[in-house]
Amino acid sequence: STDWGYVNVKTVGDGAFAHCEKLTAMTVSDENPNFCASDGILFSKDQTDLVTYPAGKSGTSYVIPDGVTATSAGAFAGAVNLTSVTIPDSVTSLGEGIFAVCTSLTTINVSETNPNYCYQDGALFTKDKTKLIAYSLGKTDTTYTVPESVTNICSGVFFGSKYLTSIILPDSVQSIGNCAFDNCIKLKEMTIPDGVTSISVYTFDRCDSLEKVTIPESVTSIGDHAFTNCPKLTICGVSDSYAESYANDNNIPFKQIVV
């Protein structure tokens, strides 16, 4: 557990306690004007913002309390014991990477009357299904096809997947967040849709089984550690593209494709 005896703590950065798998509870001084803890979970003082769910907490299901309107980025990240989370209608803002590395999570319950979010086929979306926010990493399916309505893959959506060997992205996707496919240990290949202009930091880091990523000409920027620890990787792209120069600069095999 973490004991916040200090009354002068004013801010907590996004993901400050993410992936702390031995952290089982948070306690906060009653005199702290900015934060409080309930059932070992860290909230803003007025309990409208869920800041951190301890990654090592033993429960397998959790219902976010009515009245919570927001969760911080990475609020549940690394909570490996959770199999089910329920999101009430009051929640209108979810931080990115909210369920990254929640490797046992099979169900995210969202009321049909929630104005901002919905859940379908193992994935959490904004209501209009343009943003993919989270995937139920405890599902044992080996293939997932992102719906054609999605334009944005948020940070950490598939981070820590143990089962997916194939993730199919539609042409509608325009942006992919940090760590989106980090540590997807069985992912074998990926085609980045034409129209994506950048590949963020740590996007494919530690994808041990990744053999091929096809990168379109539209990509002109690749972040740090985007492909580190991918020992089997070959990058595919057109000749004289940014993808080719990136592969050459980083000693990654490159295969030319004809479009």
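Just so it is clear, the structure is predicted and the values come from calculations on it, not from any experiment.
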| Can you tell me if NZ on K139 sees more than 12 non-hydrogen neighbours from other groups inside 6.0 Å? | yes

| Can you tell me if D141 uses its side chain to pair, donor with acceptor, with the backbone of T143 under 3.5 Å? | no

| field | Rounded distance (nearest 0.5 Å) linking atom SG of C102 with atom CG of L82 | value | 6.0 Å

| note | Scanning both residues in full, the closest heavy-atom pair of E148 with S172 reads O-OG, 2.7 Å

| request: Can you measure from NZ (K45) to SG (C36) and round to the nearest 0.5 angstrom? | output: 6.0 Å

| query | Is there a side-chain contact between C179 and V201, using heavy atoms and a 4.5 Å cut-off? | reply | no

| field | Audit row: L124, L94, side-chain contact (heavy atoms from CB on, under 4.5 Å) steps and yes/no | value | CA-CA 10 Å; L124 178 66; L94 295 171; 3.7 Å; yes

| said: Taking the ring centre of each residue, are F35 and F43 less than 6.0 Å apart? | reply: no

| Linking I/L/V/M/F/W/Y whenever their side-chain heavy atoms sit closer than 4.5 Å, directly or via other members, would L105 and V91 fall into one cluster? | yes

| message | With a 3.5 Å distance limit and no angle check, can you tell me whether S136 reaches the backbone of G122 through a side-chain donor-acceptor pair? | response | yes

| message | With salt bridge (charged side-chain N to carboxylate O under 4.0 Å, His left out) as the criterion, how do D39 and K57 come out once you've worked through the C-alpha distance, each side chain's angles and the decisive distance to 0.1 Å? | response | CA-CA 10 Å; D39 192 27; K57 193 172 174 61; 3.6 Å; yes

| field | Flag, side chain of T60 to backbone of T83, donor-acceptor distance under 3.5 Å | value | no

| Between the side chain of S161 and the main-chain N/O of C184, is any donor-acceptor distance below 3.5 Å? | no

| Does the side-chain contact (heavy atoms from CB on, under 4.5 Å) test come out yes or no for C118 and K129, once each step is laid out? | CA-CA 8 Å; C118 63; K129 295 181 183 173; 3.8 Å; yes

Let me have the donor-acceptor pairs involving side chains of residues 223-233, under 3.5 Å, with sequence neighbours excluded, atom names and distances please.
{"from": "T228", "atom 1": "OG1", "to": "D205", "atom 2": "OD1", "distance (Å)": "2.6"}
{"from": "T228", "atom 1": "OG1", "to": "H225", "atom 2": "O", "distance (Å)": "3.3"}
{"from": "N229", "atom 1": "ND2", "to": "D205", "atom 2": "OD1", "distance (Å)": "3.0"}

| said: Are the side chains of I64 and Y62 in contact, using a 4.5 Å heavy-atom criterion? | reply: yes

| Straight-line distance of L187 CG to S209 OG, nearest 0.5 Å | 8.5 Å

| said: Is the shortest side-chain heavy-atom distance between T203 and D182 below 4.5 Å? | reply: no

| query | Between the main-chain N or O of T191 and the side-chain N or O of T214, is there a donor-acceptor pair closer than 3.5 Å? | reply | no

| query | With C236, which of V213, I257, I215 fulfils side-chain contact (heavy atoms from CB on, under 4.5 Å)? | reply | I257

| If every non-hydrogen atom of A180 is compared with every non-hydrogen atom of C154, which pair is closest and at what distance? | CB-O, 4.2 Å

Under 3.5 Å, sequence neighbours excluded: what are the donor-acceptor pairs made by side chains of residues 247-255?
{"from": "N248", "atom 1": "ND2", "to": "E244", "atom 2": "O", "distance (Å)": "3.3"}
{"from": "N250", "atom 1": "ND2", "to": "Y246", "atom 2": "O", "distance (Å)": "2.9"}

| said: Could you check whether any side-chain heavy atom of P54 comes within less than 4.5 Å of a side-chain heavy atom of I41, counting everything from C-beta outward? | reply: yes

| task | Check whether more than 12 heavy atoms from other residues, nucleotides or ligands sit under 6.0 Å from atom CZ of F204, and answer yes or no. | result | yes

| query | Which pair of heavy atoms, one from G78 and one from A55, lies closest together, and at what distance? | reply | O-CB, 3.4 Å

| said: Give me each pair satisfying ring pair (Phe, Tyr, Trp, His ring centres under 6.0 Å) with a member in residues 79-134, each pair once, sequence neighbours excluded. | reply: F76-F99

| Going from CD1 on I176 to OG on S200, what distance comes out if it is rounded to the nearest 0.5 angstrom? | 7.5 Å

| message | Please find the pair of heavy atoms, one from V146 and one from L132, that lie closest to each other, and give the distance. | response | CG2-CD2, 4.1 Å

| E217 atom CD, neighbour heavy-atom count above 12 within 6.0 Å | no

| said: Quick one, F181 and F159 - any side-chain contact, counting heavy atoms below 4.5 Å? | reply: no

| Roughly how far, to the nearest 0.5 Å, is the CE atom of M190 from the CG atom of L210? | 8.0 Å

| task | Keeping the roles fixed (side chain from N116, backbone from T92), state whether a donor-acceptor pair exists under 3.5 Å. | result | yes

| Side-chain contact, heavy-atom cut-off 4.5 Å: I167 with T145? | no

| query | Does N114 offer a backbone N or O that forms a donor-acceptor pair with the side chain of K127 under 3.5 Å? | reply | yes

| query | If we ignore angles and hydrogens, is there a donor and acceptor under 3.5 Å between the side chains of S111 and D89? | reply | yes

| message | Under a 3.5 Å distance rule, please check whether T197 uses its side chain to pair with a backbone N or O of V219 as donor and acceptor. | response | no

| field | Under 3.5 Å side-chain donor-acceptor pair for S175 and N152 | value | yes

| note | Here the pair of heavy atoms bringing S218 nearest to G195 is OG-N, 2.9 Å

| Is a side-chain donor-acceptor pair under 3.5 Å present for N178 with S155? | no

| query | Tell me, do D49 and T69 make a side-chain contact under 4.5 Å, heavy atoms counted? | reply | no

| request: Could you tell me the separation between the CD atom of E21 and the CG atom of L23, rounded to the nearest 0.5 Å? | output: 11.0 Å

| At their closest point, which heavy atom of A100 faces which heavy atom of L137, and how far apart are they? | C-CD1, 4.5 Å

| field | Side chain to side chain, N109 and I87, heavy atoms closer than 4.5 Å | value | no

| side-chain contact (heavy atoms from CB on, under 4.5 Å) evaluation trace for F158 with N183 | CA-CA 8 Å; F158 298 96; N183 204 24; over 6 Å; no

| query | Are I168 and Y144 close enough, and set up right, to give a side-chain contact (heavy atoms from CB on, under 4.5 Å), and what steps lead you there? | reply | CA-CA 6 Å; I168 301 168; Y144 180 69; over 6 Å; no

| Just by distance, do the side chain of S72 and the backbone of A75 share a donor-acceptor pair under 3.5 Å? | no

